K.L.:
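Have a look at the structure that comes next, please.
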Number of protein chains: 2
Amino acid sequence: MKRIAADLGVSVTTISKVLNQHADIGPAMRARVLKRVEELGYRPNAVARSLSLKRTHTVGIIIPDLMHSFFVEIVSALEASISRRGYGLLLCSSGEDARKERSELEMLRARQVDGIVLASANATGNTALLRDLTRMGIALVMIDRDDHPKVSCHRVLTDDVEVGRLAAAHLVARRCRVIGHIAGPPILHSQRREEGYRRALAATGMAIDARHLAAGGFMEADGYRAMQQLLSATPRVDGVFAVNDPAAIGAMKAVWDAGLRVPDDVAIVGAGDVAYSDLIRVPLTTVRWSKSEVGTSAADLILDQIEGEGVRPKRVIIAPELIVRQSA
Amino acid sequence: MKRIAADLGVSVTTISKVLNQHADIGPAMRARVLKRVEELGYRPNAVARSLSLKRTHTVGIIIPDLMHSFFVEIVSALEASISRRGYGLLLCSSGEDARKERSELEMLRARQVDGIVLASANATGNTALLRDLTRMGIALVMIDRDDHPKVSCHRVLTDDVEVGRLAAAHLVARRCRVIGHIAGPPILHSQRREEGYRRALAATGMAIDARHLAAGGFMEADGYRAMQQLLSATPRVDGVFAVNDPAAIGAMKAVWDAGLRVPDDVAIVGAGDVAYSDLIRVPLTTVRWSKSEVGTSAADLILDQIEGEGVRPKRVIIAPELIVRQSA
DNA sequence: ATGAAAGCGCTAACAA
DNA sequence: TTGTTAGCGCTTTCAT
């Protein structure tokens, strides 16, 4: 800028003004400046600009794991949205580890990002830090996980009870007689999905036998183990709702390894619709909710807050829907 | 910092020095400062730091598409590496579009990133800009695509000729008699893979019939169409090397739709090893090269250059290997 | 319509 | 060992 100002015999203020489309600049001056800018291929230094403006036009996102296609789709949609609105995206991963999550949060704070999108690891320890961040004026939206109830921020979630209800109701409609459930880890979302499962069965007067409820987890191996357990109970399950797709895939493998067929002997419904669920040997029936909607909603919420529109924390629920393929 | 300095009745320089572990600070002072920093929960402003240091500790990465699992694995490994070394990652996607790629490059330049990792869209138009960036001292490493020969920078690639050779040689070893190829778009990498295919056949004295070479592309739909074409030629192919996995999957679908079996009637080999290739109905035999190695190599190259170690552009070749599953 | 001056929060010579 | 001063590149009052 100094260079341009010198070349043209004007002040840097003037340059700054034309670059920022201030009204109080003569058209002649404006043209001269623009011309020289073009010639020199000059680009304003965003760092200096940020320091002066106290706005970085950057949002950070922290997700547990990039390898999980679920988060990738969200990131992808989010990136598209914020880039269109002129923001940059700083990508971090926590590896489901509370300490790493904390250090990434601090890093984002140090970098003065305007907002943070967080898919929280189950890290109660970071609640205080999150509150600090919001108090400092950093916009925050939590996605996917409904943790940190004490933190007041936007949230983009799905309706987990409905997820479980849709899945189990489908098994009921398919005339399964003994409907089991592979539960997730003891967090809110697993519990809500189980609750939906219970409600669906209750609605038809089916009893729930504890032996048809298996403790599982979110991983394929968890689903495998849980299904082995379910298969050993009598009467044997002929329908199972697994807490998520990886667990459902593990469950399918266990069924096969037991010499049984999916869905003829055991029908299986998952949740989450991972990217490849329609490519596996028996395409998975599952409950999905739009990840790209999660991403764009998060982008809208955070940018609107940054740009000073909505202030009240909003809760956006992305509706789940049943995808019937062949496993149930 | 000012606040702390005032509280302690010292100068900001002192604070800066203890924060940056300068040697010339008394242990007493150092302790006092650290204590107050702790109490206040103070974190240095990285933006100001960057402005002063002319170093942002940030690297940008531009990839064509986040939805493609191939790039995700690279990004994931890269993020892990650079985050461990204290850098942040600014993620951009070009959507295979030269103009978007250009604007992302300019954005990264404006933000003064220390380095850029680029999986280039086939955008000859950006060569000049890339050269400018390197001349400005921004570290550059190109991954996956070997474009912009005029630009002097690090490159992390695989050996595409070898990819094609491994794939075709496997079909030969399997005793396929008529080995076809589904080619990619007319870019270097497709051509090299085709060259490898040619060499493998030539090595065994097999002739190549133009009718067994189909113009395809990188997408599933391309593979489907190309395979339909190949199936109509006589003698019919009994082995096909597809330029990449999506094309190979499309090809498999075409084989099934024609009422034939994989690999009994037509054996198929892909390349790239997308994440789900072992989950599909007939697990795909393919040629893979480590994406995480691509990511970590890129990270090492760029950080070493940023931190002033190697200056000479390096060319890192990630060796491909054959993964035999069930499609061939 | 244009410019001088102060300031954003930090680092780095150079003195003391 | 600590402090003074200048400066990183930009924006923004407030004058002119």
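In this text the structure is predicted, and so the values were computed from the model without any measurement. Chain naming here is simple, since letters A, B, ... match the order of the sequence lines and numbering starts at 1 in each.
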K.L.:
Atom CG of Asn20(B) to atom P of dT1(D): distance rounded to whole Å?
P.N.:
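Checked: the CG to P distance equals 17 Å.
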K.L.:
Just by modelled atom types, is the Ala48(B) backbone N or O under 3.5 Å from a matching donor or acceptor in the Asn45(B) side chain?
P.N.:
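Indeed, once roles are kept as given, a pair shorter than 3.5 Å links the two residues.
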K.L.:
Which of residues 24-46 of chain B have a heavy atom under 4.0 Å from DNA chain D?
P.N.:
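Nucleic-acid contacts, sorted: Asp24(B), Ile25(B), Gly26(B), Met29(B).
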K.L.:
May I ask you to check whether Thr58(B) and Arg111(A) show a side-chain donor-acceptor distance below 3.5 Å?
P.N.:
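Arg111(A) and Thr58(B) do have a side-chain donor-acceptor pair below 3.5 Å.
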K.L.:
Just checking, is any N or O donor in the side chain of Thr56(B) or Gln112(B) under 3.5 Å from an acceptor N or O on the other one?
P.N.:
no
K.L.:
In whole angstrom, give the distance that lies between atom CZ of Arg3(A) and atom P of dC10(D).
P.N.:
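That distance rounds to 14 Å.
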K.L.:
Taking Tyr87(A)'s backbone N and O only, do any of them form a donor-acceptor pair with His57(A)'s side chain (distance below 3.5 Å, no angle check)?
P.N.:
no
K.L.:
Just checking, is any N or O donor in the side chain of Arg49(A) or Asn20(A) under 3.5 Å from an acceptor N or O on the other one?
P.N.:
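Their side chains do contain a donor-acceptor pair, which is all the 3.5 Å distance test asks for.
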K.L.:
Specify the separation, in whole Å, of atom CG of Leu8(B) and atom C1' of dG3(D).
P.N.:
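Spelled out: CG on Leu8(B) to C1' on dG3(D) is 15 Å.
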K.L.:
From CE of Met1(A) over to P of dC8(D), roughly how many Å is that when rounded to an integer?
P.N.:
13 Å
K.L.:
For DNA chain C, whose closest nucleotide is more 5', that of Lys17(B) or that of Arg49(B)?
P.N.:
Arg49(B)
K.L.:
Could you go through the salt bridge (charged side-chain N to carboxylate O under 4.0 Å, His left out) check for Asp304(B) and Arg85(B) one step at a time?
P.N.:
CA-CA 11 Å; Asp304(B) 287 351; Arg85(B) 287 175 65 171; 3.2 Å; yes
K.L.:
For the base of dT11(C), is there a side-chain donor-acceptor partner from Thr13(B) under 3.5 Å away?
P.N.:
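Counting by modelled atom types and ignoring angles, no donor-acceptor contact under 3.5 Å is found here.
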K.L.:
Expressed as a whole number of angstroms, how long is the span from Arg111(B):CZ to dC8(D):P?
P.N.:
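Going from Arg111(B) (CZ) to dC8(D) (P), I get 23 Å.
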K.L.:
Tell me the interatomic distance from Lys2(B), atom NZ, to dC8(C), atom C1', rounded to whole angstroms.
P.N.:
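Answer to the nearest Å: 9 Å.
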K.L.:
Can you check whether Arg131(B) reaches Met136(B) side chain to side chain, under 4.5 Å on heavy atoms?
P.N.:
no
K.L.:
His22(B) has an atom NE2; how far is it from atom C1' of dC10(C), in whole Å?
P.N.:
12 Å
K.L.:
Is a donor-acceptor contact shorter than 3.5 angstrom present between the side chain of Ser16(B) and the base of dA12(C)?
P.N.:
no
K.L.:
Return the angle between end axes of the helix from dA1(C)-dT16(D) to dA16(C)-dT1(D), with five pairs used per end and rounding to 10°.
P.N.:
40°
K.L.:
For DNA chain D, which residues in residues 52-59 of chain A have a heavy atom at a distance below 4.0 Å?
P.N.:
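Heavy-atom cutoff 4.0 Å gives Ser52(A), Leu53(A).
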K.L.:
Measure from the side-chain heavy atoms of Leu51(B) and tell me the nearest of dG9(D), dT11(D), dG3(C).
P.N.:
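When the side chain of Leu51(B) is considered, dG9(D) is the closest of dG9(D), dT11(D), dG3(C).
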K.L.:
Can Glu106(A) and Arg109(A) be said to form a salt bridge (charged side-chain N to carboxylate O under 4.0 Å, His left out), step by step?
P.N.:
CA-CA 5 Å; Glu106(A) 302 249 286; Arg109(A) 151 146 83 136; 3.3 Å; yes
K.L.:
Specify the separation, in whole Å, of atom CD1 of Ile15(B) and atom C1' of dG3(D).
P.N.:
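Distance, rounded to whole Å: 12 Å.
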K.L.:
Got a salt bridge between Asp146(A) and Arg315(A), using NZ or NE/NH1/NH2 to carboxylate O under 4.0 Å?
P.N.:
yes
